[in-house]
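Reading through the structure tokens given below for one structure.
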Number of protein chains: 2
Amino acid sequence: MEEMTIKDVAKKCGVGVSTVSRAINNHPDINPETKKMVMDVIRQMGYVPNNSARNLKRVDAKCIAVLIKGITNPFFSAVIQVIEAEVQKKKYAMVMQHVEAYENELEVALELIKEKRLRGIIFLGGTYYHDPKQLEKLNVPFVFSTIGTVQGDERIRTYSNIAVDDRVESRKMVDYLLDLGHRRIAIVVEGTAAESVGQLRLEGYRDALSARGIDVDENLILEVRDKIDPYSMENGYKTMREFLATETEFTAVFAIADFLAVGVCRALYEAGLRIPEDVSVAGYDGIPIGKFYTPQLTTICQPVEAMAKKTVTLLLDVISGKAEHEHITFPAELIIRESTGKPK
Amino acid sequence: MEEMTIKDVAKKCGVGVSTVSRAINNHPDINPETKKMVMDVIRQMGYVPNNSARNLKRVDAKCIAVLIKGITNPFFSAVIQVIEAEVQKKKYAMVMQHVEAYENELEVALELIKEKRLRGIIFLGGTYYHDPKQLEKLNVPFVFSTIGTVQGDERIRTYSNIAVDDRVESRKMVDYLLDLGHRRIAIVVEGTAAESVGQLRLEGYRDALSARGIDVDENLILEVRDKIDPYSMENGYKTMREFLATETEFTAVFAIADFLAVGVCRALYEAGLRIPEDVSVAGYDGIPIGKFYTPQLTTICQPVEAMAKKTVTLLLDVISGKAEHEHITFPAELIIRESTGKPK
DNA sequence: TAGAATTCTGGTAACGTTACCAATAAATTT
DNA sequence: AAATTTATTGGTAACGTTACCAGAATTCTA
């Protein structure tokens, strides 16, 4: 029962180790009968190849990594599940690692690549723009994809990007609120990080207003406090409470993440304001609880599953040379539910 | 910039590879000056040791795994974060893998151990009881811990267990509802899986009722439909809708997971019932949204962070021989909020 | 039928690291 | 001063796997 190796299997089968290796790895030059016999013995013995040794020898270690910045965002939870299933289907191995907010995701990636000889990386969260010089350090056979954020511009073509056009989608929501008749719309946003999604969504807000010739009142732009875990309910709650204390007039709130919206709703409820009768609240992301919250949340829903799937297939295709890097934009959907309505 | 190895470092330093290895691994027999010089060169070159080669050679590869059954349960999200931080602090490596609902977690573990030469495993979710014969297959230097579930009995002492006493805590909640005056309390439960948390919590329910001489009405035990993803809001919602259609009388609902409770609340709201005026709703877990949901959820809150930390330290101590296996039970807290009140 | 191509096989050298042993120089003891 | 210990060091054999080469057996081609 001890440590079993390929040699033990070979001995038991009465063949060479090469033959066993060929059977395991689906090599073409092997007699089907031999292969079947070997595989049967392997199953019977319960042998599992040692992955470290494999990766050491193999030039084409089939392993990719998923780097997640901000695991707290449960939006990723669903993404990860889909990614994992897809990667497994393609017979790749996968390592997953969280990147702390203060860490540089590229440095973490660099370490990982050398250590584990990765063929590719999927980035979840973090900023969407990286310095080309930094990127070059992640040597050539190397590839990476982003999800959940969109490239702000066309500066870089050395990596793939799967995302929703945050600026456009955000504007869609604000346009909808404007159509309802709202004029004083507060926005809850996280915008310190340069090149962050928060900024893009804020841009969409400005776009919508300026298109109708409405001046942006900077007092209505509510910056969240906690930058470590920016998309939390707590953050939305506190931000809204502080805002209510200022007694600024408003009829709608657009929170750039559903979780923020939940916190906002609670703060409004505690202040005795009804949703949507007194104030309309809109979110962004399409998290499952939006459907079960009362009031149900109006939101922008991203096609999470499709995006996650495409992320994996694209990355794997680029690795195997079957595809070039691509920047793909998925359409999101405006879902109108109970939390928004016409202003009084 | 190519592939850098320990040899390159040795050459650059003008020393043997052994010396470099010693510098990296903090071996005692090395001249501090030499060590400093080598480390400087390493930093300057940006060399990172290849992990596969290390694990291949090393007998004491410092690596543990976290196996998660049911990633959908966001209760784990927080747990994982804490575990990861703690493991990193102790300079261990960690792999994380999800186990599908239909998969046997022990088999997955077995594969992982052989493949990666793990020193230990942390199980999250899944059943709390395993067949001793099965467990023996996970050879000796091997250790595992459970979290989020409690051992039902003392059948096994070959592994550690960190948990809350689900049966006792569950009873605490039901006792509280009984104290308020409720007599017809429905319970939403997932109980098919043998030896599951669901069963334990149901036992607690029965305990509380029978202690007061109240007969358990089986019609009030609501079994959820979806067994793949049992603790979902959807599941709670559907279960409650079906129950409402039966027109059975009740004044309170105890959902054995907060997410189920959220679904229950929504179903009640849609049926025009007020919480807690018409029906009281209680959950279990203490998820963050419980505080921001309206009504705020009465729940049993588990000390997630402390439990996760203890899980890691205990496992690592058992591995290094500093500790014996232990079964530790953490106390949970009954948090009374808006969703429960006296019956009419 | 001889020669060439094809199919299958086993042996062995890597892969990058650490454990172990032996060697040297320096320090200490007798 | 010789003998012993101590502090450093370099060389080399593993670790378990796959890639590559070279054969043996078989089939095909001219």
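We name chains A, B, ... by the order of the sequence lines, and we start the count at 1 in each one.
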From the options C:dT17, C:dT9, D:dT18, select the nucleotide whose nearest atom is closest to the side chain of A:N31. C:dT9
If each end axis of the helix from C:dT1-D:dA30 to C:dT30-D:dA1 is fitted on five C1' pair positions, the angle between them, to 10 degrees, is 40°
Could you pull out all residues at least two apart from A:S21 that satisfy side chain to side chain donor-acceptor pair (under 3.5 Å)? A:N25
Looking at C:dT17, D:dT17, C:dT9, which one has an atom nearest to any side-chain atom of B:Y47? C:dT17
Would you classify A:D29 as touching base, sugar-phosphate or nothing, given that sugar-phosphate means primed atoms plus P, OP1 and OP2, and contacts are heavy atoms under 4.0 Å? base
For atom CD1 of A:I6 and atom P of D:dC15, their distance in whole Å: 15 Å
With a 4.0 Å cutoff (strictly under), does any side-chain N or O of B:T5 reach OP1 or OP2 of C:dG16? no
Given side chains that start at C-beta, do those of A:T5 and A:N50 come closer than 4.5 Å, heavy atoms only? no
Whole-Å distance between C:dG10 P and A:K11 NZ? 15 Å
Please state how far atom CG in A:N50 lies from atom C1' in D:dG16, giving the value in whole angstrom units. 6 Å
Side chain to side chain contact (heavy atoms under 4.5 Å, CB included) partners of B:K12, counting only residues at least two apart: B:V41, B:Q44, B:M45
Pairs under 3.5 Å (N/O, protein and nucleotides 11-14 of chain C):
residue, atom, partner, partner atom, Å
C:dG11, N7, A:S18, OG, 2.9
C:dG11, O6, A:S18, OG, 2.5
C:dA14, N3, A:K57, NZ, 2.9

The criterion is side chain to side chain contact (heavy atoms under 4.5 Å, CB included); which residues satisfy it with A:M39, sequence neighbours excluded? A:A23, A:K35, A:I42, A:R43
Tell me which residues in residues 32-41 of chain B lie within less than 4.0 Å of DNA chain C, going by non-hydrogen atoms. none
With heavy-atom distances below 4.5 Å as the criterion, would you say the side chains of A:T311 and A:V79 are in contact? no
Should B:I122 and B:I64 count as side-chain neighbours, where that means a heavy-atom distance under 4.5 Å? yes
Closest to the A:T19 side chain, choosing from C:dG10, C:dT17, D:dT17: C:dG10
Quickly work out the B:D8 CG to C:dT17 C1' distance and round it to whole Å. 13 Å
B:S18 meets the side chain to side chain contact (heavy atoms under 4.5 Å, CB included) criterion, sequence neighbours left out, with B:R22
Salt bridge (charged side-chain N to carboxylate O under 4.0 Å, His left out) involving A:K7 - partner list, sequence neighbours excluded: none
Under the rule for side chain to side chain donor-acceptor pair (under 3.5 Å), what residues qualify as partners of B:K36, not counting sequence neighbours? B:D40
If only side-chain N and O atoms of B:H27 are considered, is one of them under 4.0 Å from the OP1 or OP2 phosphate oxygen of C:dA19? yes
